[in-house]
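Working notes for the structure below.
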Number of protein chains: 2
Amino acid sequence: MISAPFPQGSNAERSRMTNRQAVLGHIKSQGAMGRAQLARALGLSTQAISNIIAELTAEGLLVETGTQVSGRGLPAVQYGVNPKGGYALGVEVRPAAVFTALLDLSGEPVITRRRALDDPTPSAVLGIVGTMRDAMLAKTGVDPGLLMGAGVVMPGPFGQTGLAGHSADLPGWQTVAPEVLFETALGLPIELSNDANAAAMAERIGGVARAVHSYAYLYFGTGLGLGLVSAGQLVTGAFGNAGEIGHIPVTTKTGPAPLESCLSRVSVQAHLAASGRHAPDVAALDALHRAGDAALRDWIAEAAAALGQALHIIENLFDPQTVILGGAMPAALLDDLIAATTPPAGSVSARDDNPLPRLMRGASGRMTATIGAASLILNRAYSPRAAAL
Amino acid sequence: MISAPFPQGSNAERSRMTNRQAVLGHIKSQGAMGRAQLARALGLSTQAISNIIAELTAEGLLVETGTQVSGRGLPAVQYGVNPKGGYALGVEVRPAAVFTALLDLSGEPVITRRRALDDPTPSAVLGIVGTMRDAMLAKTGVDPGLLMGAGVVMPGPFGQTGLAGHSADLPGWQTVAPEVLFETALGLPIELSNDANAAAMAERIGGVARAVHSYAYLYFGTGLGLGLVSAGQLVTGAFGNAGEIGHIPVTTKTGPAPLESCLSRVSVQAHLAASGRHAPDVAALDALHRAGDAALRDWIAEAAAALGQALHIIENLFDPQTVILGGAMPAALLDDLIAATTPPAGSVSARDDNPLPRLMRGASGRMTATIGAASLILNRAYSPRAAAL
DNA sequence: TTGATAGCTCAAGTGGTTTGAGTTAATATC
DNA sequence: GATATTAACTCAAACCACTTGAGCTATCAA
């Protein structure tokens with residue numbers, strides 16, 4: 001996931017590859033369309049598009065979805081993405097559990113699984129993941145040959161950094177390259193990422209950002225993560241650890257504090273515990289929220305203040321089309337948090353010619369990052385640049 | 001400068017274009033080399049490289065720089081960028097003056113000019129810029145046909161945003177697209193950008209970031225700007241206004257304040273004025289600094305504290321290879337500021353496997369942004385992706 | 001009914017890269 | 001000192017994918 005320092009050259013075969021991806025990606029984000037329209041959008045001849053579509057339909061990635069009459073002329077034969085044309089495996093490894101998901105080509109989860117983890121060492125995890133994959137394939141009857149790859153989310157940051165505690169979460173993984181381990185164990189192409197980046201890509205592939213090319217994603221995981229997407233691609237930084245927003249300071253009623261201390265699952269739980277409440281998981285939080293709990297309302301108000309400050313920084317530094325909130329939180333709670341947040345006025349995003357809201361809610365719940373992991377693989381089929389790196 | 005939402009398809013001619021740029025860019029950042037080495041680096045055949053080099057030398061963009069013996073085998077004929085093979089015009093429009101620069105293909109300024117501006121309306125500015133270009137070409141004897149384009153830096157942010165005051169700096173420019181005006185007036189391809197992004201690109205083309213592909217650039221202009229470069233390309237945001245770092249809050253001895261109020265030319269001047277000093281320009285500041293002025297030392301200490309906080313945010317959000325400081329400040333002052341700054345410990349950049357320092361000084365002085373403007377044009381010759389957008 | 005228009009296919013042409021054989025100049029080995 | 005090995009490079013032919021131009025078809029407009 002480290003950005004390639006130097007670009008590769010291009011030849012006829014690589015051109016075909018990028019054109020295939022451009023066709024698929026355009027249809028994915030814009031919906032089914034005909035050859036001529038694709039040709040205009042991509043700056044290619046209709047004949048070239050015809051050849052590519054013939055190839056993609058033969059492989060089952062595209063399907064005819066009918067014809068579209070628009071004024072004079074021959075009606076255009078429409079082609080759309082065939083959801084059953086390919087699948088991606090998503091794997092999320094946490095200290096105490098492994099989550100897996102199988103996504104179809106359209107980005108829809110076909111099946112998801114959770115397995116408790118007693119032994120988080122590489123060999124045990126790889127064995128469990130292999131078993132879970134086989135079980136999911138068997139249960140759904142998906143042809144293993146249609147698996148395009150596996151996205152893997154693990155606790156970051158990766159490599160050595162100044163942020164302590166994280167990489168120690170999974171014992172035995174420090175000395176090895178997880179990508180290589182998973183690739184040999186699963187026999188599939190691997191994308192390795194942190195939870196926030198994966199969740200951000202989930203929105204682009206199967207969520208609210210399907211037609212958005214530049215956005216930021218605030219992910220509620222253990223802490224708070226930021227995923228940045230620019231021109232449809234993740235901005236991962238030089239060493240793959242971009243988006244560590246949790247430790248940046250915000251001002252609170254009691255002085256400066258790390259953003260994560262006001263805006264994260266841990267902070268909700270701490271706040272509730274101070275009032276004698278207990279909400280260990282998403283479902284419990286949701287129940288408390290539906291009951292209109294006062295302490296939770298309190299937390300939302302304080303979190304909204306912190307979110308406003310984070311929004312200020314994110315917007316002024318990136319100028320995204322929108323900022324999406326998601327992760328392991330109840331959807332309704334995120335909606336309330338967004339409603340309670342006043343977007344900062346002194347921001348480049350305080351414009352009125354942007355059709356998108358400045359804050360949106362994306363996918364939420366336990367599986368967000370797992371689905372995102374699989375989305376990283378799907379993104380390679382849809383984006384010429386992702387494959388080039 | 002707004003990122004293209006959809007990629008274009010590729011064909012044989014576009015492949016040649018990207019391969020030409022890849023060859024030039026690789027030689028630019030890595031130094032002169034032979035055909036075989038280029039072929040390996042770019043994943044092309046030596047024959048393809050031979051054809052491209054033949055074309056580029058015929059056009060004067062590359063020149064033979066000798067042969068390199070390395071072990072057995074035929075010595076490799078080295079090719080390097082020919083500085084005289086092309087030129088780029090840089091234009092910086094400020095409320096009271098216009099700056100121009102002529103850069104050769106290697107990124108070196110050949111000549112720079114400054115002209116006071118009485119009337120900052122479009123027609124007056126365009127006339128002056130045309131005259132300045134002609135004068136620079138005449139003075140240096142550069143063939144006008146070798147001009148590859150003009151980069152233009154103007155006060156931003158562009159379009160409507162929530163940041164007041166900026167776009168009003170130049171009367172008469174609000175209703176028109178500056179790119180179109182400059183293109184018709186100069187008859188050249190135009191790149192329009194803000195000062196920070198331009199300065200950031202200057203470091204990549206002719207400065208300390210020639211071999212760095214992912215970095216942030218803090219620009220001291222009127223306020224404080226941030227230029228972000230990821231995988232060799234500017235991250236401009238969805239609406240072109242990314243990098244507005246000046247308004248994000250930092251904590252100071254007297255409470256929260258905008259970064260710009262501690263870390264900018266205006267803040268130096270305000271601080272000095274409070275002690276009865278006066279340093280209206282870079283030269284005066286430099287003199288004061290060399291004299292060891294106590295008030296200036298004071299400012300440096302406070303600015304360093306603010307810079308440390310900004311660094312924390314930038315590093316954790318982007319994970320760049322390095323952060324470069326530059327702009328309209330004396331070089332020695334920037335060096336002292338860097339020396340006085342303690343890089344934050346709780347940052348993903350606090351790693352010890354990065355050969356680059358976390359803070360570096362880039363080009364400084366009045367012409368930084370102007371030279372950067374021209375660099376935006378040169379970058380298009382060196383970077384396959386820049387031209388694709 | 002006729003003409004205009006737009007989507008699409010077929011076949012030939014074209015641009016640029018790859019492939020494979022051959023040449024040259026350097027080091028390594030006998 | 002002669003020969004083998006190695007690596008860079010060139011030439012010509014093959015190849016891949018896209019473009020071009022002619023022709024077909026289905027729809028709307030006159």
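Note on naming: letters A, B, ... go to the chains in the order of the sequence lines (proteins, then strands), and numbering restarts at 1 for each one.
Using modelled atom types and a 3.5 Å distance limit, the side chains of B:Ser383 and B:Gln233 yield a donor-acceptor pair. Side chain to side chain, A:Gln47 and A:Asn51 meet the donor-acceptor criterion of an N or O pair below 3.5 Å. Judged purely by distance below 3.5 Å, without hydrogens or angles, the side chains of A:Thr18 and B:Ser10 never pair a donor atom with an acceptor atom.
Nearer the 5' end of DNA chain C, as judged by each residue's closest nucleotide, is the contact made by A:Ala12, out of B:Val69 and A:Ala12.
Phosphate contact (OP1/OP2 of C:dT9, side-chain N/O of A:Ser50, threshold under 4.0 Å): present.
When the salt bridge (charged side-chain N to carboxylate O under 4.0 Å, His left out) test is applied to A:Glu59, the partners found at least two apart in sequence or on another chain are A:Arg20.
In this structure, B:Arg16 contributes its side chain and B:Glu13 its backbone to no donor-acceptor pair below 3.5 Å.
Residue-level contact check: A:Arg20 touches neither bases nor backbone, having no heavy atom under 4.0 Å from any strand.
Among residues at least two apart or in separate chains, side-chain hydrogen bond (donor to acceptor under 3.5 Å, both in side chains) pairs with a member in residues 63-87 of chain A are A:Arg35-A:Tyr79.
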Within the sub-3.5 Å range, which N or O atoms of nucleotides 28-30 of chain C have a protein N or O partner, and how far apart are they?
| from | atom 1 | to | atom 2 | distance (Å) |
| --- | --- | --- | --- | --- |
| C:dA28 | O4' | B:Arg72 | NH1 | 3.0 |

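Axis angle across the helix from C:dT1-D:dA30 to C:dC30-D:dG1, with five pairs used at each end and values rounded to 10°: 10°.
You can see that DNA chain D meets the heavy atoms of chain A within a 4.0 Å-exclusive cut from D:dC16 to D:dA29, reading 5' to 3'.
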Could you run through nucleotides 18-24 of chain C and give me one letter per nucleotide, 5' to 3': B if any protein heavy atom sits under 4.0 Å from the base, S if only the sugar-phosphate is that close, - if neither?
BB----B
